[in-house]
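As structure tokens, the structure follows; a few thoughts come after it.
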Amino acid sequence: ATVAVPDERVDALSAKVSPKKTIHASVDFIDIAGLVRGASKGEGLGNQFLGNIRECAAILEVVRCFEDDDITHVDGSVDPLRDIETINLELIFSDLEILERRIAKVAKGARMDKEQAKELAMLERVKERLEDGKLAIGFETEDEDEEEYFKNLNLLTAKPVIYAANVGEEDLANDGADNAGVQAVREYAKETGSEVFAICAQIEEEISELDDEERQMFLDDLGLKESGLEKLIRASYHLLGLMSFLTSGEDETRAWTIKQGTKAPQAAGKIHTDFERGFIKAEVVNYKDLLENGSLAAAREKGLVRMEGKDYVMKDGDVVLFRFNV
């Protein structure tokens with residue numbers, strides 16, 4: 001599913017400017033079947049479909065943290081840490097297959113080639129780590145060459161993880177604070193720098209069928225500030241170090257997703273490669289200043305619009321007009 005990122009700034013600017021189109025940033029979620037113990041050996045659906053998530057930026061694991069006699073668990077009981085371990089092991093097995101193939105390929109030339117010998121030494125260290133039951137995330141490379149070798153492996157266990165602790169309705173309002181399973185997941189997540197939030201899948205399903213106004217009333221009745229989907233998007237942005245800059249004019253008001261620390265020419269390239277190639281300057285105004293003044297021209301008259309060059313590091317909520325020439 002492709003999901004729009006809720007952003008009050010986009011909505012507020014759009015209401016002020018009245019463009020022909022309003023486009024929020026979006027996040028793509030790819031759903032894969034649940035992993036069962038032994039998937040790497042062909043149990044369940046096997047692990048061949050894991051190739052679908054190799055190109056994803058992060059992995060979201062929905063972990064059961066609620067008791068319900070009417071809903072059976074494949075392992076017979078509710079134990080979120082055991083479920084996480086099951087998934088981890090299957091991902092590790094999948095990564096080991098990748099490593100073993102790469103090691104077999106590199107080993108042939110390692111005797112005669114220093115670069116391949118260096119890569120082989122790193123591959124062996126990663127393999128040893130995985131065989132110890134540890135994830136590849138957190139593996140320390142020794143220099144830029146090793147960093148490149150490691151990155152090219154594109155290991156599943158090197159990807160950042162978000163845990164959605166699936167709780168009953170009664171645990172949702174306090175974000176699972178009284179749920180022992182959620183607390184166990186939070187403690188575990190600290191070790192790998194993962195994100196955790198509580199969600200109630202049953203309520204999310206009900207929310208998904210409501211329009212915006214009904215959805216807000218439903219959330220208010222439950223004492224919730226935001227839906228689980230909004231929590232997930234926020235966690236995704238935080239985990240991946242993402243933020244948004246905005247463009248706004250008569251044709252459209254739009255949010256663009258970039259990594260924190262991105263410079264102006266690379267941000268311009270998100271809109272079109274020509275913008276980056278022929279970058280001259282960026283006219284930048286804070287969205288609150290633009291909102292208060294109603295237009296870029298009015299903000300410019302008050303000296304609130306800055307002219308920034310190629311070394312400018314973009315800030316979350318910047319509204320930008322790029323000047324370029326190709």
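All values derive from a computational prediction rather than experimental measurement. The figures here come from the full heavy-atom set of this structure, side chains too, leaving out hydrogens, waters and symmetry mates.
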Checking [X] side chain against [Y] main chain: does a donor-acceptor pair fall under 3.5 Å?
X      : Y      : value
Ser236 : Leu232 : yes
Arg254 : Thr22  : no
Asp221 : Phe218 : no
Asn293 : Asp289 : yes
Asn154 : Arg54  : yes
Asp113 : Gly109 : no
Thr262 : Ile258 : no
Asp143 : Asp145 : yes
Glu124 : Ile103 : no
Glu230 : Ser227 : yes

Is the closest side-chain heavy-atom distance between [X] and [Y] below 4.5 Å?
X      : Y      : value
Glu146 : Arg125 : yes
Val284 : Val305 : no
Leu210 : Met217 : no
Arg9   : Asp316 : yes
Lys20  : Glu250 : no
Ile84  : Glu61  : yes
Val319 : Asn286 : no
Phe197 : Tyr163 : no

Per the side-chain contact (heavy atoms from CB on, under 4.5 Å) rule, which among Asn179, Val78, Ile199 passes with Cys65?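 Passing option: Asn179.
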Kindly compute the distance separating [atom1] ([X]) from [atom2] ([Y]), expressed to the nearest 0.5 Å.
X      : Y      : atom1 : atom2 : answer
Leu240 : Gln260 : CG    : CD    : 10.0 Å
Lys127 : Met122 : NZ    : CE    : 13.0 Å
Glu140 : Phe150 : CD    : CZ    : 11.0 Å
Thr247 : Leu321 : OG1   : CG    : 9.0 Å
Ile98  : Leu123 : CD1   : CG    : 12.0 Å
Leu91  : Leu135 : CG    : CG    : 8.0 Å

Does the side chain of Ser14 come under 3.5 Å of the side chain of Thr253 through a donor N or O and an acceptor N or O? no
Hydrogens and angles aside, do Tyr312 and Arg306 bring a side-chain donor and acceptor to less than 3.5 Å of each other?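 Yes, a side-chain donor-acceptor pair sits under 3.5 Å.
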For [Y], is there an ion pair with [X] - N to carboxylate O distance below 4.0 angstrom?
X      : Y      : answer
Asp318 : Lys315 : no
Glu276 : Lys270 : no
Arg64  : Asp79  : no

Would you say the rings of Phe324 and Phe275 are close, in the sense that their centroids are separated by under 6.0 Å? yes
Centre of Phe279's six-membered ring, under 6.0 Å away, within 45 degrees of the axis: is that where NZ or CZ of Arg277 sits?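 The answer is no; the distance or angle limit is not met.
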Closest non-hydrogen atom pair between Thr257 and Ser244, with its separation: OG1-OG, 4.3 Å
Give me the atom names and distance for the closest heavy-atom approach of His24 to Ala4. CB-CB, 4.1 Å
Is [X] atom [atom1] crowded by more than 12 heavy atoms from other residues, nucleotides or ligands, each under 6.0 Å away?
X      : atom1 : answer
Met307 : CE    : yes
Glu115 : CD    : no
Lys134 : NZ    : no
Gln202 : CD    : no
Glu169 : CD    : no

May I ask whether Val196 and Val161 are part of the same hydrophobic cluster, defined by side-chain heavy atoms of I, L, V, M, F, W, Y residues being less than 4.5 angstrom apart, directly or through others? yes
Hey, can you tell me if Phe245 and Phe322 have their rings parallel, tilted or perpendicular (30° and 60° cut-offs)? perpendicular
Exactly one of Asn88, Asp95, Thr192 should register a side-chain hydrogen bond (donor to acceptor under 3.5 Å, both in side chains) with Thr157. Which one does? Asp95
